[in-house]
Trainee: 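Quick one: this structure, given as structure tokens, is what I'll be asking you about.
We name chains A, B, ... by the order of the sequence lines, and we start the count at 1 in each one.
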Amino acid sequence: MNVMNIKRIAATISCSLMTVVAHAAVLPATQTDSQWFKDSAANVAAKAQVETKKTAKNVILFVGDGMSISTLTAARILQGQQQTGNQGGEEHFLSFEQFPRTALVKTYNTNQQTPDSAGTMTAMTTGVKTKAGMISISDTSLRGNCLSSKGNELVSLVDLANAKGLSTGVITTARLTHATPAAAYAKSPDRDWESDANLPAEAVANGCTDIASQLVMRDPANALTVALGGGRSYFLPKEVTDGENKAGKRKDGKDLTKAWVTNLSKAAYVWDKKGFDAVDVANTDHLLGLFNPSHMEYEADRNDDVAGEPSLTEMATKSLEILKKNDKGFLLIVESGRIDHGHHAGNASRALTDAVELSNAVKAAIDATSSDDTLIMVTADHSHVFTIAGYPKRGNPILGLVHDVDGSLALANDGKPYTTLAYTNGPGAVVGVRDDLTSVDTQNKDFMQQALIPMESETHAGEDISLHAMGPGSNLVQGVIEQNVIFHIINQAQQLGGTKY
Amino acid sequence: MNKLLLITLLSALISPAIALATPVTAQAAGKAGMQCANIQAAHLKAQYQVTNAKGHRWQMTLLRDGQEFIIQRDNTTFEQWTRNGEYVRYFPVEKRSVTYRKGDLRALNIQHDREQLYHVVSPALPANMAKTELKQLPCFSIQGFAGKVNGMESQLDWITSIELPQQFNLGAELSYQLLTVEPYSHEAFTVLTQNYQDIDFADVGDSESDPFIAKMINQGFIEHGSSGFYSSEGHAIEAQGGHGSHSH
């Protein structure tokens with residue numbers, strides 16, 4: 001450090017001290033004795049002490065599909081209002097909202113102002129933005145055209161981590177072949193090519209393979225250590241009926257669950273909660289879990305599943321037990337996939353319950369790792385048109401009708417009450433006369449929020465989403481960034497060698 | 001609390017099918033006499049003529065395969081209820097289908113009365129009506145019932161062995177007349193739903209670039225009137241969608 005810098009730092013510290021002293025002298029006790037004042041002062045003091053290492057042995061990337069900032073706020077309040085002794089719920093934080101580093105993330109695809117998950121996750125896993133609908137293929141290719149994708153395949157974080165000898169894992173509550181998890185391990189010019197039955201003739205003729213096949217039929221050196229989620233039917237032949245009485249979708253006759261066990265060392269395949277709980281971690285180096293023929297259940301409905309499903313938290317915890325066996329480290333990508341679906345259905349309760357479960361999974365990951373060597377990042381792929389509105393009183397149930405500060409039921413211009421949560425568009429839209437919600441239990445998990453513009457499915461939104469980070473390399477998370485910067489943060493923090501850092 | 005949405009015996013009242021001109025003359029039980037010895041309640045095909053208060057007529061077909069069943073009201077689409085609690089809507093011309101899993105139905109706050117659909121009318125009706133005449137047709141014993149249903153004097157001729165109505169008159173509002181009933185094999189049932197490109201309803205929101213989905217969304221096929229779900233007032237349930245028919 002040169003003399004100039006030392007002088008500058010000393011001057012800064014000096015000014016800072018003077019400022020604190022001067023302000024303390026003029027602030028009234030009613031201000032400085034306030035718990036708000038004390039807590040926030042402590043918060044800033046703690047931030048001033050944060051030292052961040054540069055290199056991470058392990059990286060965990062959590063992605064809440066469709067987890068807009070309004071989703072975070074509402075989920076935070078929902079969970080807060082479920083805490084004993086809460087002060088209204090607004091004061092609560094989701095587990096990752098107190099991470100020391102945060103950035104805003106621009107999500108657009110190269111061809112869409114409001115993006116889809118394929119393009120956004122490709123940005124995160126490859127460092128390159130692409131078109132909507134394409135999985136780790138650059139945007140010089142055409143969607144749905146295999147030939148044009150040749151030579152445009154992108155190397156992903158999983159590829160790089162495997163090449164470095166790290167263990168890798170992908171977890172989701174959606175289908176493992178769905179766009180977001182798929183972008184971690186597959187390359188496909190169309191997100192819909194989830195099984196061979198979805199491949200058009202052109203794709204077959206030009207040598208493209210389906211996404212499920214790409215998950216399983218990998219070079220063992222580039223295999224995933226852990227893959228947990230839904231989508232079982234995409235891995236089974238159509239002639240096979242699974243344990244939940246659903247036929248497979250594959251036309252090529254391949255049972256990829258068997259191929260997983262056959263092709264990989266110390267490999268196990270589980271499909272229900274009982275099998276999941278019985279996994280012998282010490283003797284399992286490759287774990288495939290497919291817990292539903294399609295997407296796993298919403299967290300709110302999980303207990304109703306026929307065969308039983310693990311929660312996202314349980315999947316993350318088990319995965320970390322396996323991944324941590326590698327002394328070189330690991331890369332784990334965890335998606336909460338059904339927040340997005342809850343929003344599409346205009347059903348805030350299910351979307352928020354899944355967001356809260358994501359928070360629980362992050363908490364489990366924090367507890368199971370060390371912030372000295374593990375970078376944990378939590379983000380979303382895109383937003384939704386989900387709003388928190390009106391002027392509800394502090395502590396008003398977040399899923400409830402708006403009550404004013406005086407406790408009275410707030411009424412709109414049509415003389416009817418309204419909920420705090422709503423959507424700009426979607427299936428809950430009102431055409432004609434708006435329903436009177438006075439006697440409706442809007443906190444029921446099946447309640448569909450009202451919306452403005454009628455659409456069969458509520459849509460994604462185009463505003464920025466957030467990125468929260470803690471651990472080595474988290475100092476790189478700051479400002480407003482393009483989504484593809486996330487790849488470079490991980491690449492640099494974990495020294496994956498993807499560029500010349 | 002959200003209203004409980006039930007599919008009732010009025011369901012076909014607002015079927016999108018165009019009224020048929022053909023008069024109903026056949027007595028199903030007798031007409032199906034040659035085959036009735038082989039008819040099992042769990043594997044059959046039953047065709048009904050439905051007539052509403054305005055005189056509009058249309059046909060409805062019920063296919064049973066164990067606990068699974070299909071209902072077809074027109075040539076453009078048919079609906080399946082699986083033993084897993086899923087609702088699948090098929091579009092034969094396009095060879096596409098949309099599956100509503102239980103979680104999707106809950107998220108959309110769509111509830112249906114599976115028993116009523118399986119039996120065309122609620123199987124609880126006989127218990128709430130007074131017995132009348134017992135008729136013995138060549139194939140079936142038919143027990144008559146009479147009484148008020150939804151406040152209307154109604155008559156039901158119930159085929160106990162297959163748990164279906166041979167005739168049901170809901171006042172002057174609606175009537176079901178069984179036209180034919182015949183055995184229907186598991187294999188035939190399975191063939192009906194094969195080779196469809198299926199999509200989960202949960203994926204519709206991410207599939208706007210799919211021309212079929214885009215068309216269906218624009219036409220409102222997926223959730224609107226022809227969804228197969230109807231309220232206790234006989235109105236189409238639009239998945240809490242627009243048109244003022246929220247079911248919150």
Trainee: Within a radius of less than 6.0 Å around NZ of Lys95(B), do more than 12 heavy atoms belonging to other residues, nucleotides or ligands occur?
Mentor: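 More than 12 within 6.0 Å, yes.
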Trainee: Would the distance check show the side chain of Arg101(B) and the main-chain N or O of His295(A) forming a donor-acceptor pair, the cut-off being under 3.5 Å?
Mentor: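 Yes: the side chain of Arg101(B) pairs with the backbone of His295(A).
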Trainee: Would you mind checking which part of Glu244(A) comes under 4.5 Å of any heavy atom in chain B, side chain (CB onward), backbone (N, CA, C, O), both or neither?
Mentor: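 For Glu244(A), the contact with chain B is made by the backbone alone.
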Trainee: Please classify the contact between Gln194(B) and chain A as side chain, backbone, both or neither, with a heavy-atom cut-off of under 4.5 Å.
Mentor: neither
Trainee: Are side-chain heavy atoms of Lys102(B) and Asp304(A) found at a separation under 4.5 Å?
Mentor: no
Trainee: Given heavy-atom pairs under 4.5 angstrom as the criterion, report whether the side chain, backbone, both or neither of Asn292(A) touches chain B.
Mentor: side chain
Trainee: Between atom CD of Gln112(A) and atom OG of Ser209(B), what is the distance when rounded to the nearest 0.5 Å?
Mentor: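 Spacing of CD (Gln112(A)) from OG (Ser209(B)) equals 7.5 Å.
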Trainee: Could you report the tightest heavy-atom contact between Ser457(A) and Gly205(B), atom names first, then the distance?
Mentor: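 In terms of heavy atoms, the two residues are closest at OG-CA, 3.1 Å.
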Trainee: Taking all non-hydrogen atoms of both residues into account, name the closest pair between Tyr298(A) and Gly103(B) and its distance.
Mentor: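 Nearest heavy atoms, Tyr298(A) then Gly103(B): CE1-O, 3.8 Å.
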Trainee: Which one of Glu458(A), His178(A), Arg434(A) has the most heavy-atom pairs closer than 4.5 Å to chain B?
Mentor: His178(A)
Trainee: Measuring from Phe201(B):CZ to Glu456(A):CD, what's the distance to the nearest 0.5 Å?
Mentor: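 Between atom CZ of Phe201(B) and atom CD of Glu456(A) there are 7.5 Å.
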Trainee: Can you measure from CD (Glu208(B)) to OG1 (Thr459(A)) and round to the nearest 0.5 angstrom?
Mentor: 9.0 Å
Trainee: Evaluate the criterion side-chain contact (heavy atoms from CB on, under 4.5 Å) for residue pair Thr82(B) and Lys246(A); output intermediate values, then yes/no.
Mentor: CA-CA 10 Å; Thr82(B) 75; Lys246(A) 285 286 284 188; 5.9 Å; no
Trainee: How about Asp206(B) and His460(A): does a side-chain donor come under 3.5 Å of a side-chain acceptor?
Mentor: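 Asp206(B) vs His460(A): donor-acceptor pair found between side chains.
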Trainee: Flag the pair Arg175(A) / Asp200(B) as yes when at least one side-chain heavy-atom distance between them is below 4.5 Å, and no otherwise.
Mentor: yes
Trainee: Check Asp210(B) with Arg191(A), please: is the shortest side-chain N to carboxylate O separation under 4.0 Å?
Mentor: no
Trainee: Report which part of Lys238(A) has an atom under 4.5 Å of a heavy atom belonging to chain B: side chain, backbone, both, or neither.
Mentor: neither
Trainee: Let me know if Asp340(A) has heavy atoms under 4.5 Å from chain B in its side chain, its backbone, both or neither.
Mentor: side chain
Trainee: Is Asn245(A) close to chain B through its backbone or its side chain, or both, or neither, when contacts mean heavy atoms under 4.5 Å?
Mentor: both
Trainee: Rounded to the nearest 0.5 Å, what separates atom NZ in Lys251(A) from atom CG in Asn195(B)?
Mentor: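 If I round to the nearest 0.5 Å, the distance is 6.0 Å.
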